[in-house]
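Below is one structure, written out as structure tokens, with a few remarks after it.
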Amino acid sequence: MEYNFTKIEQRWQRYWAKNKTFKSEIDHTKAKFYVLDMFPYPSGAGLHVGHPLGYIASDIFSRFKRLKGFNVLHPMGYDAFGLPAEQYAIQTGQHPAVTTALNITRYREQMDKIGFSYDWDREVQTCDPDYYKWTQWAFIEMFHSYYCYDEQQARPISELEEVFAMQGACGINVACSETLTFSAAEWNAMSEQEKQEVLMNYRIAYLGETSVNWCSVLGTVLANDEVKDGFSVRGGHPVEQRMMKQWQLRVSAYAERLLNSLETLAWSDSLKEMQRNWIGKSEGAEMLFKVRNGVEEYDMCIFTTRADTVFGATFMVLAPESEWVEKLTVPEQRAAVEAYLLAAKKKTERERMTETHKASGVSTGSYAINPFTKEQIPVWISEYVLAGYGTGAIMAVPAHDSRDYLFAKQFNLPIVPLIEGCDISSESFDAKEGVMCNSGFLNGLSVQEAIPAAIDEVERLGIGKRKVNYRLRDAIFSRQRYWGEPFPIYYKEGVAVPMPIEALPLALPEVDKYAPTETGEPPLGRSKDWNYQGYPIEKSTMPGFAGSSAYYLRYMDPLNSDALVSREANDYWQDVDLYIGGTEHATGHLIYSRFWNKFLFDRGYVCQDEPFKKLVNQGMIQGRSNFVYRIMNTNTFVSLGLKDQYETTELHVDVNIVENDRLDIEAFKAWRPEFGDAEFVLEEGQYICGWAVEKMSKSMYNVVNPDQICIDYGADTLRMYEMFLGPLEQAKPWDTNGIDGVFRFLKKVWRLFFDKDQFFVHQEAPSAQELKALHKLIQKVENDIEQFSFNTSVSGFMIFVNELMDLKCRKQAILEPFLILLSPFAPHITEELWSLLGHSQSISKATYPKYNQAYTVENIFEYPVSVNGKLRFKKELPLGISADEVEKAILSDDQLDKYLGGATVKKVVVVPGRIVNVVC
RNA sequence: GCUCGGGUGGUGGAAUAGGUAGACACGCAGGACUUAAAAUCCUGUGGGCAGUAAUGCCUGUACGGGUUCGAUUCCCGUCCCGAGCACCA
């Protein structure tokens with residue numbers, strides 16, 4: 001009987017859906033295990049062959065854990081709000097909900113064909129009002145909260161109001177936009193509106209003026225991680241900086257906790273490192289420098305991480321946007337400074353970035369006093385100093401900072417080395433190592449000792465204090481778009497007093513068009529009845545990361561209409577044990593989600609501080625493009641091996657008409673009209689195409705669709721092949737050249753159960769050799785799955801099947817456990833064979849076979865050996881080796897002497913071919 | 001520039017703890033079955049040398065050193081590739 005994968009796969013997919021085989025319920029008799037995929041944005045292009053890579057891995061893991069007796073939660077849903085559907089809506093007038101629903105249907109069909117074991121009863125869609133009700137709810141909770149640094153947690157803002165009424169704002173240690181100082185009396189005297197304005201300074205979700213990335217083409221602001229090199233990530237439109245009043249989330253309050261608890265997570269080092277960079281903690285000091293413009297004297301504050309180098313600070317530099325520029329520019333320099341500021345302003349973000357290796361600047365004409373050397377040092381302006389970081393002003397230490405060095409060389413400023421023996425003739429010495437010199441009381445200390453010593457002195461002199469800076473900024477939460485969650489906020493007295501709307505969900509209104517209004521308002525401005533009890537409602541919507549920040553919690557209890565997740569469900573499912581998805585979310589979703597979860601944890605809504613215990617990044621699947629070579633000015637194509645004999649141009653050719661790099665010539669002629677009469681220079685009767693690894697994209701004709709693989713080879717082959725391709729975390733090109741090997745393997749599996757056309761298995765007891773093969777496999781597969789080394793488990797299966805074929809083994813006692821082992825990888829074929837063996841229940845309800853070491857330890861021998869104090873190793877030690885045979889030497893006598901040093905060997909532990917240990 | 005990965009046959013990739021390098025698969029070559037093809041099965045396959053042959057020897061994990069009886073694996077230096085960050089003081 002043939003291996004008819006189409007029929008088998010249809011049958012079992014229907015069976016699983018009908019019987020709800022993978023439905024998961026709270027079950028206190030079993031340990032839980034939560035396996036989560038990053039849910040997809042349902043784009044119009046459908047799934048390509050790269051998407052399922054992570055889904056297959058997580059599915060294998062889920063099925064494996066189920067067989068191991070865990071109660072597995074394995075849900076799937078859609079991140080359904082987003083820009084593409086909205087842009088399509090602007091162009092066509094089609095409601096984004098319609099487009100989105102259509103795409104979701106297509107995604108679902110494609111996923112179902114691959115045989116995933118999702119519990120679809122738990123599906124969520126972020127654009128569903130019953131879902132975004134809880135996104136809005138969390139926002140209101142953040143609105144009603146502030147962050148207390150003493151307690152290191154978010155707390156109800158009503159507590160803060162009490163504090164203000166009792167003691168005012170002095171001396172409180174809480175997160176805020178700007179430090180306010182008012183007394184209890186002043187607070188109590190404020191009007192309601194004034195109080196609301198003050199509270200906004202402390203709320204975790206707050207409305208505030210900020211510099212934003214504004215994209216005028218899209219008509220919306222973007223988050224930092226939605227902008228790359230001055231262009232929007234989606235669409236590639238130019239982005240500029242602009243001050244605007246926006247809703248923000250006080251993520252920066254959580255910077256320290258987000259950084260610290262990274263330690264507890266089983267994430268890859270590179271991903272943790274990316275988050276650390278993004279949070280960007282730097283410990284240093286703020287220091288005051290006296291500055292004089294010839295008329296007046298001020299104290300100017302700077303931030304430095306290298307307080308130890310203060311003796312080498314030979315000049316100061318201000319950011320062009322710094323408020324000090326105005327105060328410190330002396331009359332004679334005014335013209336030059338203004339010219340410089342104008343030139344700096346004109347430069348685009350991009351130009352500033354590409355000119356990092358050039359120093360530019362202008363002197364203010366003012367001087368500062370170095371508080372340690374007491375010398376007068378000039379104050380300069382340069383765009384290499386950023387206004388948005390630290391205080392927008394620095395002390396420049398050219399000997400030990402490469403940017404300051406470049407600047408000093410350019411403008412002939414003095415360079416004073418501070419570390420013994422460092423060479424600063426051609427570049428600065430930036431490393432934090434060595435012994436200090438030229439540094440007064442710091443002389444003789446190492447850099448590591450000098451840094452705290454210098455700060456101590458600064459604090460003692462009262463000219464500064466320790467200070468930690470973070471690069472992480474608050475998340476800008478407003479988007480001027482239609483297709484997102486509306487803010488549950490209305491404005492009571494003009495714009496000044498935003499109030500929450502507690503009746504949720506606040507559903508997205510219908511509008512006639514999806515573009516911004518003619519007056520430049522967001523699209524929601526088009527709705528005529530967008531008001532709450534007559535008051536206007538906020539017209540922005542929430543960004544993409546809003547809906548994805550807590551979806552893993554909603555899966556635990558998706559139908560609950562009283563809470564995001566019930567206490568009971570959250571206590572049982574706890575957190576995500578395994579999260580699989582791409583690295584592209586490292587600094588976006590994965591930061592926001594952790595922040596969101598920590599907030600809910602602080603407020604007692606969830607029981608875990610961190611949402612994702614273990615995280616695995618699947619590598620991106622790239623396209624493998626094929627090329628044909630056209631001889632210049634002809635319609636003749638020359639095969640790869642002969643192309644160097646001609647002058648040719650390289651053309652992309654559709655990978656779907658190429659097999660194993662051989663061009664299907666007839667299909668090529670039919671592909672495009674201009675190739676209809678093409679001629680070919682062949683090698684050995686074939687046209688061989690060239691190839692290259694590129695991004696998978698339509699324009700490169702290298703997109704491979706999973707549906708076609710399912711039709712040609714079946715889902716089981718697709719699943720196993722995607723795993724066999726290489727290590728999960730590694731980026732790799734999609735290459736169908738090897739898929740036949742996996743397909744052959746599955747056909748062999750099928751044939752193991754058939755004699756001629758009859759289903760046939762033996763009932764005899766298995767031999768020792770057969771048991772050994774089986775238990776080796778159990779051990780290997782188990783280890784490999786736990787370590788996400790799915791490619792080597794596939795190899796293990798292949799070896800095992802070849803062994804069974806050599807042994808001509810058809811024994812049920814061997815085949816049955818083998819099917820269970822294989823079922824996570826190839827669920828359809830194993831279900832079919834399992835039922836042919838007479839089982840009435842799905843194989844996913846079976847129990848994972850237990851590894852029995854007794855069948856594999858026979859590989860290891862322990863022999864006491866004493867050979868005149870000398871041991872000689874034979875390179876290859878076969879099974880059943882005797883002590884005499886160990887004696888037969890291969891190492892030379894002098895090597896042995898070195899190794900043993902004349903000791904007497906008592907015991908040697910040997911695995912065939914490999915000495916494990918020698919006891920002397 | 002900084003940080004983190006990585007460099008193994010024609011190709012994708014194996015190699016728990018330093019112990020037979022190249023598992024498994026693709027491709028290729030040869031063979032069996034077949035009128036033929038497909039499918040299937042068998043044999044060979046890092047490079048070099050010697051031999052009629054079984055086989056033997058040399059060499060080999062980017063490059064140069066080191067530690068070790070023994071290094072793809074550990075250490076130092078160099079080169080190259082990938083990813084992320086990037087005037088963050």
Side-chain angles (χ1 to χ4, degrees), chain A residues 2 268-278 280-282 284 302-306 309 313 317 319 352-353 355-359 382-386 388-397 400-404 406-407 427 430 469-472 583-584 586-587 617 619-620 624 660-661 691 721 724-727 729-733 735-742 744-745 747-748 751 779-780 783-784 787 789 791-800 802 805 871-877 890-901 910-918:
Chain A
E2 281 275 293
S268 71
D269 290 336
S270 66
L271 196 81
K272 288 191 197 177
E273 192 61 25
M274 281 164 74
Q275 291 220 336
R276 276 187 210 112
N277 284 341
W278 194 257
K281 178 177 184 173
S282 54
I302 58 104
F303 175 75
T304 180
T305 54
R306 293 293 303 273
T309 61
V317 189
R352 278 179 78 152
M353 275 187 300
E355 288 171 9
T356 53
H357 50 280
K358 281 189 252 166
S382 174
E383 54 184 10
Y384 83 83
V385 176
L386 302 175
Y389 184 81
T391 62
I394 62 159
M395 66 173 196
V397 185
H400 303 291
D401 182 288
S402 52
R403 295 153 299 178
D404 299 343
L406 205 67
F407 195 83
E427 57 182 358
D430 290 12
N469 261 336
Y470 298 94
R471 214 173 64 101
L472 184 70
T583 346
E584 65 271 20
T587 53
N617 291 119
M620 215 204 309
R624 187 179 188 278
N660 288 345
D661 290 336
W691 61 272
Y721 185 59
F724 189 60
L725 217 44
E729 310 202 21
Q730 189 177 304
K732 49 204 164 260
D735 179 355
T736 41
N737 284 351
I739 201 165
D740 287 329
V742 172
R744 268 175 216 151
F745 161 76
K747 283 191 284 193
K748 281 187 203 171
R751 279 204 311 273
Q779 191 190 24
K780 176 165 181 56
N783 280 343
D784 288 349
Q787 291 165 34
S789 179
N791 55 331
T792 52
S793 3
V794 177
S795 301
F797 285 120
M798 288 176 173
I799 296 166
F800 178 76
N802 287 340
M805 295 190 100
L871 177 70
R872 301 180 159 199
F873 301 122
K874 193 172 189 294
K875 251 190 183 170
E876 200 168 322
L877 295 162
I890 226 179
L891 294 185
S892 64
D893 283 347
D894 52 324
Q895 277 179 318
L896 277 168
D897 284 341
K898 270 200 217 167
Y899 182 32
L900 296 173
V910 174
V911 174
R914 183 173 141 192
I915 291 117
V916 173
N917 195 14
V918 177

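These numbers were taken from a predicted model, which means no experiment stands behind them. Quick note: numbers below take in every heavy atom, side chains included, and nothing from hydrogens, waters or symmetry partners. The chains referred to below are lettered A, B, ... by the order of the sequence lines, with proteins before strands, and numbering in each begins at 1.
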Using whole Å, what does the distance between atom P of nucleotide B:C4 and atom CD of A:Q275 come to?
17 Å

Whole angstroms only, please: what is the CG-P distance between A:N783 and B:U16?
12 Å

Selected nucleotide, minimal atom distance to [X] side chain, candidates [options]:
| X | options | value |
| --- | --- | --- |
| A:N802 | B:G84, B:A89, B:A25 | B:A25 |
| A:I799 | B:U16, B:G13, B:A23 | B:A23 |
| A:K747 | B:A89, B:G84, B:U40 | B:U40 |
| A:L386 | B:G27, B:C87, B:C4 | B:C87 |
| A:S270 | B:A86, B:C4, B:G84 | B:C4 |
| A:R751 | B:C41, B:G84, B:C87 | B:C41 |

Heavy-atom check, side chain of A:M620 versus side chain of A:T583, under 4.5 Å:
no

Where each residue is assigned the nucleotide of RNA chain B containing its nearest heavy atom, which of A:M798 and A:T792 is assigned the position nearer the 5′ end?
A:T792

Below 4.0 Å: OP1/OP2 of [N] and any side-chain N or O of [X]:
| X | N | answer |
| --- | --- | --- |
| A:N791 | B:A14 | yes |
| A:S282 | B:A89 | yes |
| A:R276 | B:G84 | no |

Indicate, with a heavy-atom threshold strictly under 4.0 Å, whether A:K748 touches base, sugar-phosphate, or nothing.
sugar-phosphate

For RNA chain B, what is the dot-bracket line, given that a base pair needs Watson-Crick (N1 to N3, plus N6-O4 or O6-N4) or G-U wobble (N1-O2 and O6-N3) geometry with both distances under 3.5 Å, and | means paired with another strand?
(((((((..(((......[....)))((((((.......))))))(((((....)))))..(((((..]....))))))))))))....

Which residues pass the side-chain contact (heavy atoms from CB on, under 4.5 Å) test with A:N802, sequence neighbours left out?
A:K748

Could you tell me whether a side-chain N or O of A:D404 sits under 3.5 Å from a main-chain N or O of A:V397, the two making a donor and an acceptor?
yes

If only atom types and distance count, is the side chain of A:K732 paired as donor or acceptor with the main-chain N or O of A:P727 below 3.5 Å?
yes

So which of A:I739, A:V794, A:D740 actually passes side-chain contact (heavy atoms from CB on, under 4.5 Å) with A:Y721?
A:I739

Shortest non-hydrogen separation from A:M395 to A:R306 and the atoms involved
CE-O, 3.5 Å

With the criterion being N/O to N/O and under 3.5 Å, what pairs connect the protein with nucleotides 7-12 of chain B, and how long is each?
| from | atom 1 | to | atom 2 | distance (Å) |
| --- | --- | --- | --- | --- |
| B:G12 | O2' | A:L725 | O | 2.6 |

Output for pair (A:T587 OG1, A:L271 CG), nearest 0.5 Å, gives 9.0 Å

